[in-house]
Amino acid sequence: RIFKKGALQKNNKSAETQLTQNDLYSIPTTMKASVLGSKFWKKYNEQQQLQQKDNKNAFFKTLWYLVAPTFVPAGMCQIVALTSQIL
């Protein structure tokens, strides 16, 4: 639906073919930038206090903390998909 509407706006500039806020995917509240930003800085400050000299490591640990809940399940799904393609 969204691709068809997007393709129509190239030739037709009317209001009904223009993409609107309602056409976009609504993300969960926990994935909003303001929530993720506050989580990041809170965890980053905790990591910095634990590792006074190695700030680079604190940065990567903080990123892993934020992305692991999404990337680990996605990785498992990818493993299942690749395994099913191979077999």
Side-chain angles (χ1 to χ4, degrees):
R1 178 185 142 228
I2 193 165
F3 292 120
K4 184 177 180 182
K5 191 172 183 181
L8 286 174
Q9 70 183 2
K10 181 178 180 183
N11 297 328
N12 184 353
K13 302 293 184 197
S14 66
E16 61 267 359
T17 61
Q18 298 301 307
L19 295 175
T20 65
Q21 192 74 16
N22 295 332
D23 295 319
L24 302 175
Y25 172 71
S26 179
I27 62 169
T29 305
T30 57
M31 298 301 287
K32 293 197 181 286
S34 60
V35 174
L36 289 174
S38 64
K39 279 185 183 180
F40 173 84
W41 288 113
K42 180 181 176 190
K43 189 66 175 178
Y44 181 72
N45 290 331
E46 289 173 9
Q47 288 295 329
Q48 266 190 325
Q49 289 174 358
L50 292 174
Q51 302 167 340
Q52 289 294 327
K53 14 181 193 169
D54 194 4
N55 288 338
K56 183 178 180 183
N57 199 17
F59 177 74
F60 289 123
K61 282 189 176 188
T62 304
L63 284 180
W64 178 248
Y65 169 79
L66 289 175
V67 300
T70 303
F71 281 105
V72 172
M76 297 305 284
C77 290
Q78 190 65 37
I79 288 172
V80 169
L82 287 172
T83 303
S84 66
Q85 289 175 353
I86 292 171
L87 299 177

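All values below come from the heavy atoms of this structure, side chains included, with hydrogens, waters and symmetry mates left out.
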For the atom pair CG (L63) and NZ (K61), what is the distance rounded to the nearest 0.5 Å? 13.0 Å

Work out which heavy atom in V35 is nearest to a heavy atom in T29; give both atom names and the distance. CG2-O, 3.4 Å

Between Q47 and A58 the two heavy atoms that sit nearest each other are CB-CB, 3.7 Å

Sorted by chain and residue number, the salt bridge (Lys or Arg N to Asp or Glu O under 4.0 Å) partners of K43 (sequence neighbours excluded) come out as E46

Apart from W64 itself, which Ile, Leu, Val, Met, Phe, Trp or Tyr residues share its cluster (side-chain heavy atoms under 4.5 Å, direct or through members)? V67, F71, V72

Could you work out, with side-chain contact (heavy atoms from CB on, under 4.5 Å) as the rule, every residue matching I86, not counting sequence neighbours? none

Show your working on side-chain contact (heavy atoms from CB on, under 4.5 Å) between F60 and Y65 and close with a plain yes or no. CA-CA 9 Å; F60 289 123; Y65 169 79; over 6 Å; no

Residues at least two apart in sequence or cross-chain that pass side-chain contact (heavy atoms from CB on, under 4.5 Å) with L87, listed by chain then number, are T83

W41: what forms a ring-ring contact (aromatic ring centres under 6.0 Å, His included) with it, not counting sequence neighbours? Y44

Is any side-chain heavy atom of L36 closer than 4.5 Å to one of K32? no

Show the nearest heavy-atom pair for residues P73 and A68, with the distance to one decimal. CD-O, 3.7 Å

Apart from I79 itself, what residues make up its hydrophobic cluster when side-chain heavy atoms of I, L, V, M, F, W and Y under 4.5 Å apart count as a link, directly or indirectly? M76

